[in-house]
Amino acid sequence: MAAIIELRGLSKHYSKTIIGVDDVSLSVEDGEFVTLLGPSGCGKSTLLRMIGGFEEPTQGTIHLAGRDVTWEPPYRREVNMVFQDYALFPHMTVGQNIAYGLKMAGADRKSARAKALEALELVGLPDKVDQRPDQLSGGQRQRIALARAIVRRPKVLLLDEPLSALDARMRDQMRIELKHLHEKVGITFIMVTHDQEEALTMSDRIVVMENGRVAQDGQPQDIYDRPISPYVANFIGTTNFLPATVTDVQADRATFNCAGARLEVLTDTPPQSGARVTLGFRPEKTRLLAEGETAPNMLEGKISEVIYYGLGLRTAITLPDGGSLFIDTLLTDTLRRSAIPKTGAPARAAVEPCNIFVFAGEVQA
Amino acid sequence: MTLLRRHLAGVLVLGIPLAWIVIFMLVPYAIIGTYSFWTKTYPTFQPDFQFGNYATLFTDPQYLQVLLRTLKISALVSVASLALAYPFAYWLVFRCRSAGVRTWLYMAVIAPLWVSYLLRAYIWKTILGTEGILNSFLMWAGFTDAPSDIFLYNQFAMILTLTYIFIPFMVMPIYTALERIPPNLAEASADLGQTPWQTFRKVTLPLSTPGIAAGFTLTFCLSFGDFIAPFLVGGPDGNLIAGVIQTQFGSALNWPLGSALSIVMLVIVLSIVSLSDRLERSSRIGAH
């Protein structure tokens, strides 16, 4: 597989202190679905807009299918963008909107309309061809924007927060549709989002961004199960962070003293003995032990709060040293028929050695 | 009684403007309309119902000529205003990067509206006249030896003056229309392979037509009814319809004919307004 997009040392500095994107190098393979993920202001949208040609980098190059397009205007790049609020032309019908970009490519009126209908078919709205954008719902407009962008068969499709303007139910549906569309058309997708769930469910690869830089780049499961930094661990999913001291180090594992308990962790890169570190683990991979039950890797504390969220219970536990952690328990039965932890009662939590991340230094989570 | 009290505020709020319009607009128009059917018997007018005044207007080439001239001058003023205002408004909205500069330049266009209309027309007399700034400059720069009188008292001077006076009414609606176009539409157009010029032609221009229509209507109708500029800077061939009406009510002492002329003018202006309104409405479908 060949790289379709190659970013080398790409930067966008608005001024000495205001930095949009900082030295990003990224290679996207043909047909991949890559998500740029991060909070607002992390530079993900700026990066996407630079690929689209709407912003000029202050440094670095952009190669599209081997050709340097860094200084090419948008209308000479074989990429198309789905804008956040769709940017449909209000004075044109749906059909005219979709065929808009085809006329330039030398297509005559008839074949343009045929292609537009084909694209509409692909997004499931063939009967809307003669309607105006303002006669459509948000989800329909979203699909028209998609059809308009893919009808030209671009080398890369850029999606700028494509689902953020939709309501929750529509968003869930479009997520799956978008993924299927990607499989159907086989075009490379680069999507920007701040929604971790969106990133996890849709992409082949996630690029987590932090302050204009790439924080981690990997497959969704890698990012989730092996976050490289507390920032990534905290941005994707929820993570309990607890300070700890290394007490013993072996080849593939280390032992820590954490909140008065002894925790064993499996790790490829064991820290030095005596070092102060931060341990992180997921609430759903933490188990609340039944009364009297013990486990090797165990923390003891008091239940401070129990939150019901439908799917399960989130139990907050306060440790003797003042730290706190969450445990997620899936409810496999109705709430009434389940055992509900009591606030104020002592509790024990267990984590498997393979489910704990070790981060150097102390972390303010 | 309680019903009246409950609706008192509403009655006042809507009633006063309504009374104003009835007393100061509809009643005068009705009077003018009535006069237009009267007969002139020097030195007074007799109540009558005949179409003689209208017949005169459409048979006497003198009036038709003035009417056509007025239409021509108004159209040229509107076209000139559009040619100047559109690029300016476009630059302000899409190219000017500093919000401060944009506000100041926009205010610079609007500010002359605060100056007396008469004064603004008079300025051009002092610029274009034989003793005026333009002649002084040309002589100082060595282009001419003697002051020229070709600048003032002709249709060109009239168009120039009217364009200067009414151009804010072209800039304002176009600026507003352009400002309302989401910037990402131009980006989407570029993204779909259109050059900036094609984007302008297919997206920006069509979406700003309501502004152009509004500006064109305003400048056209304002120029159409103007009689100060012809009076100050117009020449012997500069008599416009408003001036003729003024003469009929004044020195010619022919109120019925003046009234008929006023009604014709009103009909023309109203048809232009309703035409532009319809255009604006049809182009606004879908654009909100």
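Chain A is the first sequence line, chain B the second, and so forth, proteins listed ahead of strands; every chain is numbered from 1.
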> Around atom CD of A/E72, are there more than 12 heavy atoms of other residues, nucleotides or ligands at under 6.0 Å?
Replying inline: yes
> Which bit of B/P196 comes within less than 4.5 Å of chain A, counting heavy atoms only: side chain, backbone, both or neither?
Replying inline: both
> Shortest non-hydrogen contact from A/F54 to B/E187?
Replying inline: CE2-O, 3.4 Å
> Any side-chain heavy atom of A/D85 within less than 4.5 Å of one from B/P182?
Replying inline: no
>> If you count every heavy atom of other residues, nucleotides or ligands that lies below 6.0 Å from B/M25 atom CE, does the total exceed 12?
In response: no
>> How about CD on A/Q59, more than 12 heavy atoms from neighbouring residues, nucleotides or ligands closer than 6.0 Å, or not?
In response: no
> Between A/F89, A/Y75, A/Y86, which residue shows the highest count of heavy-atom pairs closer than 4.5 Å to chain B?
Replying inline: A/Y75
> Hey, is CZ on B/F156 packed in by over 12 heavy atoms from elsewhere, all under 6.0 Å?
Replying inline: no
>> Can a donor-acceptor pair be found, under 3.5 Å and without considering hydrogens, that links the side chain of B/N184 to the backbone of A/A87?
In response: no
> Pick from A/L158, A/V151, A/V82, A/N80: which one has the most heavy-atom pairs with chain B under 4.5 Å?
Replying inline: A/N80
> Is there side-chain contact between B/L192 and A/P74, with at least one heavy-atom pair below 4.5 Å?
Replying inline: no
>> Check this for me: A/Y14, atom OH, are more than 12 non-hydrogen atoms of other residues, nucleotides or ligands nearer than 6.0 Å?
In response: yes
> Distance from A/F83 atom CZ to B/D191 atom CG, nearest 0.5 Å?
Replying inline: 5.0 Å
> CZ/A/R76 to OG1/B/T195 distance, rounded to the nearest 0.5 angstrom?
Replying inline: 9.5 Å
> Is A/W71 atom CH2 crowded by more than 12 heavy atoms from other residues, nucleotides or ligands, each under 6.0 Å away?
Replying inline: yes
> So B/Q194 and A/Y100, side-chain contact (heavy atoms from CB on, under 4.5 Å) or not? Walk me through it.
Replying inline: CA-CA 9 Å; B/Q194 315 283 316; A/Y100 186 79; 3.3 Å; yes
> Side chain, backbone, both or neither: which part of A/L88 has an atom under 4.5 Å from a heavy atom of chain B?
Replying inline: backbone
> Can you name the closest pair of heavy atoms from B/P206 and A/H91 and give their distance?
Replying inline: CB-CD2, 3.6 Å
> What do you reckon, is NZ of A/K155 surrounded by more than 12 foreign heavy atoms closer than 6.0 Å?
Replying inline: no
> Considering only heavy atoms, which portion of A/R148 lies under 4.5 Å from any heavy atom of chain B: side chain, backbone, both, or neither?
Replying inline: both
